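These numbers come from a predicted model, not from an experiment. In what follows, every chain begins at residue 1, and chains take the letters A, B, ... in the order their sequences are listed.
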Protein chains: 2
Amino acid sequence: MNVHIEVRRVNEAGEERTRTASIRDVARAADVSYQTVSRVLNDHPSIRPATKQRVLDAMEELRYRPNQAARALVTSRSSTLGVILGSRGEYGPTSSLAAFEDSAREHGYWVNSAYLRDTQPETIRAAVEHLRRQSVEGIVVHAPQVRVFDILAELDVDIPYLGLNTAERGIVELAEDQMRGGKMATEHLIELGHVEIVHVAGPQDWIEAESRMRGYLHALSDADLPTRAPILGDWTADFGYRAALELSHRLDFTAVFAANDAMAVGLMHGFRDVGIDVPRRVSIVGFDDIPLAAHSWPPLTTVHQQFAGLGRRAVTELLRLINADDAPPLLASVEPSLVVRASTARAFGHQ
Amino acid sequence: MNVHIEVRRVNEAGEERTRTASIRDVARAADVSYQTVSRVLNDHPSIRPATKQRVLDAMEELRYRPNQAARALVTSRSSTLGVILGSRGEYGPTSSLAAFEDSAREHGYWVNSAYLRDTQPETIRAAVEHLRRQSVEGIVVHAPQVRVFDILAELDVDIPYLGLNTAERGIVELAEDQMRGGKMATEHLIELGHVEIVHVAGPQDWIEAESRMRGYLHALSDADLPTRAPILGDWTADFGYRAALELSHRLDFTAVFAANDAMAVGLMHGFRDVGIDVPRRVSIVGFDDIPLAAHSWPPLTTVHQQFAGLGRRAVTELLRLINADDAPPLLASVEPSLVVRASTARAFGHQ
DNA sequence: TTGTATGCGTTATCAA
DNA sequence: TTGATAACGCATACAA
């Protein structure tokens, strides 16, 4: 109470900056030593309930807020996790990040993120540096370009980090899932009777792109079907559109597996513009199941990903790394699944 | 050099945790006092170049990294900005956030973000609290629910904060832009000859939704056209789809202005499913110009938003608030613009 | 141009 | 159950 006034007095005293109440202010108000306040803060067992209540009341009154910087300084624990993002504004990564945040907070951690403008070594170094200075305890890298991980390895990062959808250094199962998803998509087309299946892949240096492509190739070879060189795209709908125009020149295929939904939508647009009917002439499968996939024309058959699950999983795995926990990893909870819609509605041959 | 060894020795000494080099380690290695190191860190003018170089070399060698927590503690400046996000995984907010991050970093600030699971007072309080504990110097609120700002006002937040797309407390011009965008969209339909125009709006408590709706109403009344009660949606494509089915029962209109692209795409899907031709029977305009808008069927006429510009602008405005700078605000650089595509291709009456 | 001392707010280690 | 004291890494006066 008195202190409440004291704290204010500091402000009125002159040019002194507004100081927020510290542990000592609370201590004085509650008439205890400031270590007692610290104990209340940290839920120390041995403290008289009455004392504790007095302290809590004082905190309330002074609108006390623990100073994270001071705490981090003395514990050398920041309770903060870092995230490096390789792509921005896309549905998948963003959903994962949101879930990551939620989960981290449930575990008592904050999140600090850094976007990657490009994959130049210097950019990556700066991002890591940025996060290191915030004393993050671990980093999740959701920048699935192969290159990024090579550079990270060279950088000799001295705190735990983990890649999403990476086969290298990270959650292996997740990368496997990507491959399985690509396989499922391709098998769906094969089951419909398609034999000549084109793959429009993601950028060559993306691990996700590579996994999905591997799934495609596996499915083909399992079915003893001829493989074709995939077309390397850039994830954008615009690319899909242009690819469709290109592909329309030699129509020696009846189905396309696109490595993501955006390109799939662009493909459908392109085929439509040159008068190629989807799905009657060409079937298309996408990957991701973005919210608009169900509402595209025709509604897109695609592989559903549990982006949120991925984000949550990343937290537990990263915390495991941080705590050097050798327990076996959680069961993979992020299985992809196929969502069949009209873009592959008609089985090839039943036209 | 010697210190390099020293620092390592600490580790080998036993259970002692890996300690990262501090300013003192650098000082010892460079054979100067640690204040000299501090001066190098802060680009103090009076320092002998040779000394400075010695210090820099030592930093390099010891892989020294300034401790952000210690610095924040002593300066009581965190160089961190906070962001509260009201929606997740959507194109617009995410793009803005990315730009915000970029710009903040260029200005020497870090960014800490907090997603809002819902708009419960407790959730909002927790988000603010979270950011306050990180000692952020200011907060950008990109959670344009009216409710959030009411609650923030009650919360009596004691650091600068700023709302995006808010008329209340924030960048007024941006809210105006939203209204102007809604007006442009509606006027486009009017110019095509439409008289009965339906508006599928966003959730009632969203400031953006309200601004766009105001633009719609203004355009109608300017043209002396009858107003109709807007349909209140939830931004999702699913809602748009259902709304289309609903609207198909009484087809007493020829055009729809949807408050965002996702709903517009859903509407087109719904109309298609019940055999209503877009744009011949019904014209549709969206809002946002998401990347898929150009590739929907039919390609969507929409209002382009400069999400990145908004994010960058937010940084400069927030820093202005923080520094209590009374300079006039920057010129609004985030004008919306209309992008005309096939969903409104045929003028009404020219069918 | 450089060095010494003090304190930021908190936790941790003692001692009472 | 409580309290005194020493760090944590740095910046900022002040002194040399």
Side-chain angles (χ1 to χ4, degrees), chain A residues 3 6-7 10 15-55 58-59 62-80 108 132-135, chain B residues 3 6-7 10 15-55 58-59 62-79 132-135:
Chain A
V3 179
E6 283 233 328
V7 173
V10 175
E15 53 243 85
E16 204 100 30
R17 272 208 156 192
T18 309
R19 188 170 64 87
T20 67
S22 86
I23 206 179
R24 292 173 214 265
D25 297 316
V26 175
R28 225 172 303 146
D31 202 30
V32 294
S33 74
Y34 65 83
Q35 304 68 346
T36 302
V37 178
S38 175
R39 288 194 185 97
V40 172
L41 279 176
N42 296 288
D43 270 330
H44 194 89
S46 59
I47 202 168
R48 193 143 34 99
T51 314
K52 180 167 185 174
Q53 193 54 53
R54 271 219 316 287
V55 172
M59 286 179 175
L62 296 179
R63 307 189 69 192
Y64 167 79
R65 233 183 303 265
N67 182 315
Q68 181 69 16
R71 188 175 276 181
L73 178 59
V74 68
T75 58
S76 69
R77 283 200 47 202
S78 62
S79 294
T80 301
R132 290 295 278 111
R133 290 189 183 204
Q134 309 276 86
S135 346
Chain B
V3 179
E6 283 236 326
V7 172
V10 175
E15 54 244 85
E16 204 99 28
R17 272 207 155 192
T18 309
R19 189 171 62 87
T20 68
S22 85
I23 205 178
R24 292 174 215 263
D25 297 317
V26 174
R28 225 172 303 145
D31 202 30
V32 295
S33 73
Y34 62 85
Q35 303 62 356
T36 302
V37 177
S38 175
R39 287 193 185 98
V40 172
L41 279 176
N42 297 288
D43 270 330
H44 194 89
S46 59
I47 200 166
R48 194 142 36 95
T51 314
K52 180 167 184 174
Q53 193 52 53
R54 271 219 315 289
V55 171
M59 286 180 174
L62 296 178
R63 307 190 70 193
Y64 167 79
R65 235 183 300 267
N67 182 317
Q68 181 69 16
R71 191 174 274 181
L73 179 58
V74 69
T75 57
S76 68
R77 281 200 51 201
S78 63
S79 296
R132 290 295 278 111
R133 290 188 183 202
Q134 309 276 86
S135 350

Tell me: CZ of R28(A) to P of dA4(D), nearest whole Å? 13 Å
For R39(B) and for A69(B), find the nucleotide of DNA chain D with the closest heavy atom, then tell me which residue's nucleotide is more 5'. A69(B)
For a quick test of reading the model, state the closest non-hydrogen atom pair linking V26(B) to V55(B) and the distance between them. CG1-O, 3.9 Å
Base, sugar-phosphate alone, or nothing: which one does T75(B) contact when heavy atoms must sit under 4.0 Å apart? sugar-phosphate
Presence of R71(A) side-chain N/O under 4.0 Å of dT11(C) phosphate oxygens OP1/OP2: yes
Phosphate-side-chain proximity, N42(B) and dA11(D), N/O vs OP1/OP2 below 4.0 Å: yes
Check if the side chain of Q35(A) and the base of dA4(D) share a donor-acceptor pair of N or O atoms closer than 3.5 Å. yes
Taking for H44(B) and for V37(A) the nucleotide of DNA chain C with the nearest heavy atom, the one nearer the 5' end belongs to H44(B)
Between dA4(D) and S33(A), is there an OP1 or OP2 to side-chain N/O distance shorter than 4.0 Å? no
Return yes if some donor-acceptor pair links the side-chain N/O of Q68(B) with the main-chain N/O of R132(A) below 3.5 Å, else return no. no
Between the two end axes of the helix from dT1(C)-dA16(D) to dA16(C)-dT1(D), each built from 5 base pairs, what angle do you get to the nearest 10°? 40°
With sugar-phosphate meaning primed atoms plus P, OP1 and OP2, does V32(B) contact a base, only sugar-phosphate, or nothing at under 4.0 Å between heavy atoms? sugar-phosphate
What is the distance, rounded to the nearest whole Å, between atom CD of Q53(B) and atom P of dT2(C)? 13 Å
Where the side chain of N42(A) meets the backbone of H44(A), is there a donor-acceptor pair that is under 3.5 Å apart? no
Rounded to whole Å, the CG-P distance (D25(A) to dC8(C)) equals 11 Å
Minimum heavy-atom distance A21(B)-Y64(B), with the two atoms named: O-CD1, 3.4 Å
R24(B) CZ to dT4(C) C1', in whole Å, measures 11 Å
Is any side-chain N or O of R65(B) under 3.5 Å from a base N or O of dG9(D), one able to act as donor and the other as acceptor? no
Roughly, in whole Å, what's the span from CG in N67(B) to P in dG9(C)? 16 Å
Measure CD/Q68(A) against C1'/dG9(C) and give the value in whole Å, please. 12 Å
Between dA6(D) and Y34(A), is there an OP1 or OP2 to side-chain N/O distance shorter than 4.0 Å? no
Would you check if M59(A) and L41(A) make a side-chain contact, meaning some heavy-atom pair closer than 4.5 Å? yes
So what does T36(B) hit on the nucleic acid, given a heavy-atom distance under 4.0 Å: a base, only sugar-phosphate, or nothing? sugar-phosphate
Rounded to the nearest Å, what distance is computed from the CG atom of residue D43(A) to the C1' atom of nucleotide dT1(D)? 16 Å
Would you check, one step at a time, whether the test salt bridge (charged side-chain N to carboxylate O under 4.0 Å, His left out) holds for K52(B) with D43(B)? CA-CA 10 Å; K52(B) 180 167 184 174; D43(B) 270 330; 3.6 Å; yes
Taking all non-hydrogen atoms of both residues, which atom of S78(A) and which atom of A72(A) are closest, and how far apart? CA-CB, 4.2 Å
Distance in angstrom units between R77(B) CZ and dG9(D) P, rounded: 22 Å
If we only count heavy atoms from C-beta on, is the N67(B) to S22(B) side-chain gap below 4.5 Å? no
So what does L73(B) touch, heavy atoms closer than 4.0 Å: a base, only the sugar-phosphate, or nothing? base
